[in-house]
Amino acid sequence: MSRYNVKENEARWQRAWEEVGCFEVEADPAREKYYVLEMFPYPSGRIHMGHLRNYTIGDVVARYKMAQGFNVLHPMGWDAFGLPAENAAMDRGVHPAEWTYANIDAMREQLKTMGLSIDWSREIATCHPGYYRHEQAMFLDFVEQNLAYRKEAWVNWDPVDQTVLANEQVIDGRGWRSGALVEQRKLPQWVFRITAFADDLVDAIESLDRWPDKVRLMQRNWIGRSEGARMFFEIEGRGERLEVFSTRPDTIFGASFCALSPHHPLSEELAERSPDLHAFLKECERLGTSEEAIERAEKRGYDTGLKCINPINGERMPLYIANFVLMEYGTGAIFGVPAHDQRDLEFARKYELAVRPVVLPPSADPASFEVGDEAYVGPGALFNSDFLDGLDVDSAKRKIIERLETLGAGEGTVQYRLRDWGVSRQRYWGCPIPMVHCPDCGLVPVPKEQLPVTLPDDVDLSTPGNPLERHPTWKHTTCPKCGTAAVRETDTFDTFVESSWYFARFCSPRAEGAMDRGEVDYWLPVDQYIGGVEHAVLHLLYARFFTRALKQCGYLGVDEPFAGLFTQGMICHETYKAPDGKWLSPAEVERGGDGGLVDLEGRAVERGRVEKMSKSKKNTIDPTAIIEAYGADTARWFMLSDSPPDRDMEWTEAGVEGAYRFVQRLWRIVDEMLDDLPPAESSPPQALTKAAMDLRRTAHKAVETVTGDVDSFRFNRAVARIYELTNALAAFKPEDAGDRWAQREATEFLVRLIAPMMPHLAETLWARLGHGEMLVNHAWPKADPTLTVEESVTVAVQVNGKLRAKVELPRDAEEAQAQEAALAQPAVRKALGEKAPRKVIVVKNRIVNVVA
RNA sequence: GCGGGCGUGGCGGAACCGGUAGACGCACGGGACUUAAAAUCCCGGUCCUUAUGGAGUGUGGGUUCGAGUCCCACCGCCCGCACCA
């Protein structure tokens, strides 16, 4: 029996596609475009399973849309600046540029073995001056538009990476990359004014209807827009007013205390004269932001002894310093309304402060309503609130803000959790910030015609800190304005800056300017963006900001970069532990004689949980080894089988082998029928046998369902449908010419349906079926709607909701006919016994339920 | 603590809008072919029960002629945020 030669065929088609250049595209206003983009990889040197899944999904979409006639842009590039290159330089003495470009070459080769429909003529690397020069120009435009500025700021300092991190990059008080505890330092920083678009960024989430709800919610929470009021409380005996922010100004009559953040300037001032308070502040700090501490977080406060005056009713109330008030949000001071805020309530109970309800739940009695252990945060009518009495919460908010404004005691305002994006990094391998510090003129932008400011090649990376800062000559220059000696900015950009606009550069990757307006107008936005959910906040938010900023500067015309977003799940694998407790890689484990697992020396191995692939647990699989052993089609097919693409999937050897068997099986099925098939493009015979009609129906139905499944990213279901068609085809035994014609039709459908998923096998089979032109240029199959409906249907018959029989009925049979057939069933009569049916429910083509 | 999601055979998962639960695959068992093995092909399989029949989608209630699907409460797991005033 002959077998499909995977290696030979995969290489052959990859060459053939490249020769005709079928994935190289041009803008064509006469055709509808479709832009498919997977998140571009960091060139670490090797692709991993996450890449394999990401690019398989993207390739299915790209090839499918191509078959549907779209002009498909599907580019690839490299997110090439970043720390690992500098680490490699330190560890191995290789230059970051050399290391990076070598990695790019290696990974390009690996990706090419996957058989992706990439337009490689558009390849870009962000570390190339031809790329980052435009980023520098954008920055200068941003500065001009007041979208980038410099400020002295407390920053998160990563002592291991020796760099600044954005708030978004600090996770649990640790650097997102190094994991080191982050310190607070004050540094001059370049900052992007992302908050200028805060409103629009949050409002436009509504329009991103092809994004996962989960990601939209995460973005909304991250921006954290809240409407409320700022108001001023006099502090008795001091000539100053305390500024407080609240989202519930309507509850002001229920206020029974005010509280400051431990980091509030007033707290710090008071602490100077009070050792007790000083100790309390220290204690709050020690509580820190660690998860464990917050879990035990008990509301605690320190009574300053000072009194504040409620600006609305003149009431005196105590001023506390409380551990649950954040300096970073609002004004760092609150007024507490225990009846309507859970934290305030817990605080009030502890310090025996008044709990006075001012919002009455809909059907509650004002005379008896009390708040117990739970604050009331729902809707209702105001009471105990003077001029607000009787109003609903929203009206009360409006009215109290009005009053505050006429009294000059406050105003309505909007607060965001989002803060501006600090982009300065004290790094070598990043894009230089094109600014000059002149002793006479101050900060002077590098004129655009002098761009790019390139990195020096000769750097010393042997010690931590910024190599550009200590380079002997690089930073010394002359002021572009006055010509006197000056120094360059030695900070480089956060690498999230490069990935904030690369999707736009792909539209015209070799353009003189950053982007050709005609090209970006044609191609943008990205129709389908695909990547890991780990970028749900940072990267996607930055790219959305950048797109708005670039629009404001006239680069492009869209607001949103990604019209559709799909986030894939992670790849998991079993873990293995040796007797000594060390993790073992799958390659170090084999099946022992008694069915258990043993290591290479024959010692028993403990089978661990299925976990996300990670180097630390040693449960990674190298995708290139899989492609080498089974071929790209097998790897792709298994990636798409079984698990829905947005969920985590488990990678198993048995699963890969199953996929490989399917590849061989398909080839064999086609191979065995080849000799007897009618020629390609034969016209259909006059009459077909029932068996042939059934096969046709199965095939057309498969086209219909697979199309729907691919459209909605349900690849696992599409795979199941394809298996069904394959099984039907394998079971089909043709007896006449008509049968063989139907067999060819079904086979060709099958081959075309698998084409986006297993493109090499599909091309091979297509050619063997006698077609001269490559399948890659072929349209997606179309189902004949008259063939996708069955002539007869199986209808379930229930008695009192229990299944008793099944009857075969013509499609769309009349109710009376269905009822009659159902009642005639022996099993139904038996179940009814003596009783006469009280009622019969008939749902066409589905069910008959007899109620006794 | 808040917000979101999920819970279906040995496993991954199907099940459109409330209408035959378990498609399809993996693993497993049996058989055919083979000197033998691999490969391949055929058959089987939620559980209890003797066929009949009964139970069954995390648990307990409810709505309905009918619930994996809707509602309420609870249990468990996962993700996000970190007291956001």
Side-chain angles (χ1 to χ4, degrees), chain A residues 1 3 171-173 212-215 217-218 220-222 224-226 228-229 244-249 251 259 261 289-291 293-295 297 299 322-326 328-337 340-344 346-347 415-417 533 536-537 572 610 637-638 641-644 647-650 652-659 661-662 664-665 668 705 708 714 716-727 730-731 793-807 827 830-831 837-852:
Chain A
M1 191 188 295
R3 277 168 78 84
I171 296 155
D172 297 336
D213 289 341
K214 186 171 87 170
V215 175
L217 184 69
M218 283 163 77
R220 216 173 262 128
N221 290 343
W222 194 269
R225 183 192 148 102
S226 50
V244 160
F245 174 73
S246 173
T247 53
R248 291 299 301 275
T251 61
S261 161
T289 49
S290 100
E291 228 165 310
I294 288 161
E295 212 140 300
K299 310 284 168 283
N323 64 352
F324 62 93
V325 179
L326 297 179
E328 296 76 38
Y329 191 81
T331 60
I334 63 157
F335 67 82
V337 184
H340 303 292
D341 183 288
Q342 192 60 33
R343 287 155 310 177
D344 296 349
E346 284 170 37
F347 192 81
Q415 281 290 330
Y416 300 93
R417 178 185 182 274
V533 72
V537 178
C572 303
V610 173
W637 184 252
F638 179 54
S641 313
D642 292 356
S643 297
R647 273 197 232 173
D648 289 354
M649 75 169 285
E650 188 189 351
T652 62
E653 270 300 296
V656 185
E657 269 161 23
R661 277 201 300 275
F662 182 64
Q664 292 294 344
R665 180 169 178 233
R668 199 179 329 109
T705 53
R714 287 182 290 196
N716 57 319
R717 246 173 48 156
V719 164
R721 304 296 173 220
I722 288 170
Y723 273 115
E724 273 171 345
L725 176 57
T726 306
N727 291 343
V793 289
T794 308
V795 172
V797 182
Q798 299 178 335
V799 177
N800 291 332
K802 281 197 165 65
L803 181 70
R804 295 296 172 183
K806 293 175 186 180
V807 291
K830 192 181 159 198
R838 275 199 294 141
K839 192 172 165 191
V840 180
I841 290 147
V842 180
V843 181
K844 238 182 202 179
N845 300 327
R846 283 197 188 277
I847 205 164
V848 177
N849 191 10
V850 181
V851 186

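To find a chain, count down the sequence lines: A is the first, B the second, and so on, and within it residues start at 1. Predicted model only: the values in this text are computed from it and were never measured.
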Can you name the atoms? Protein N/O to nucleotides 51-55 of chain B N/O, anything below 3.5 Å, with the distance.
unit_1	atom_1	unit_2	atom_2	d
B:G54	OP1	A:R804	NH2	3.4
B:G54	OP2	A:R804	NH1	3.3

Looking at every strand, decide which applies to A:R343 at a 4.0 Å heavy-atom threshold: base, sugar-phosphate, or nothing. base

A:D341 meets the salt bridge (Lys or Arg N to Asp or Glu O under 4.0 Å) criterion, sequence neighbours left out, with A:R343

Roughly how many Å is it from CZ in A:R3 to P in B:A39, rounded to a whole number? 10 Å

Counting the atoms with a prime plus P, OP1 and OP2 as sugar-phosphate, which does A:V325 contact under 4.0 Å by heavy atoms, base, sugar-phosphate, or nothing? base

Nearest-angstrom distance from the residue atom CZ of A:F324 to P of B:C83: 12 Å

State, yes or no, whether a side-chain contact exists between A:F662 and A:T726 at a heavy-atom distance under 4.5 Å. yes

N/O-N/O pairs, protein side and nucleotides 5-7 of chain B side, under 3.5 Å:
none

Short N/O separations, protein against nucleotides 64-66 of chain B, under 3.5 angstrom:
unit_1	atom_1	unit_2	atom_2	d
B:C65	O2'	A:N849	ND2	3.2
B:C65	O2	A:N849	ND2	2.5

Which nucleotide, B:G19, B:C81, B:U20, lies nearest any side-chain atom of A:W222? B:C81

Of the listed nucleotides (B:G3, B:G13, B:U20), which one gets closest to any side-chain atom of A:T794? B:U20

Under the rule for side chain to side chain contact (heavy atoms under 4.5 Å, CB included), what residues qualify as partners of A:A659, not counting sequence neighbours? A:T634, A:W637, A:F638

Protein-proximity profile, nucleotides 24-34 of chain B, B/S/- by nucleotide at the 4.0 Å heavy-atom cutoff, equals SSSS-------

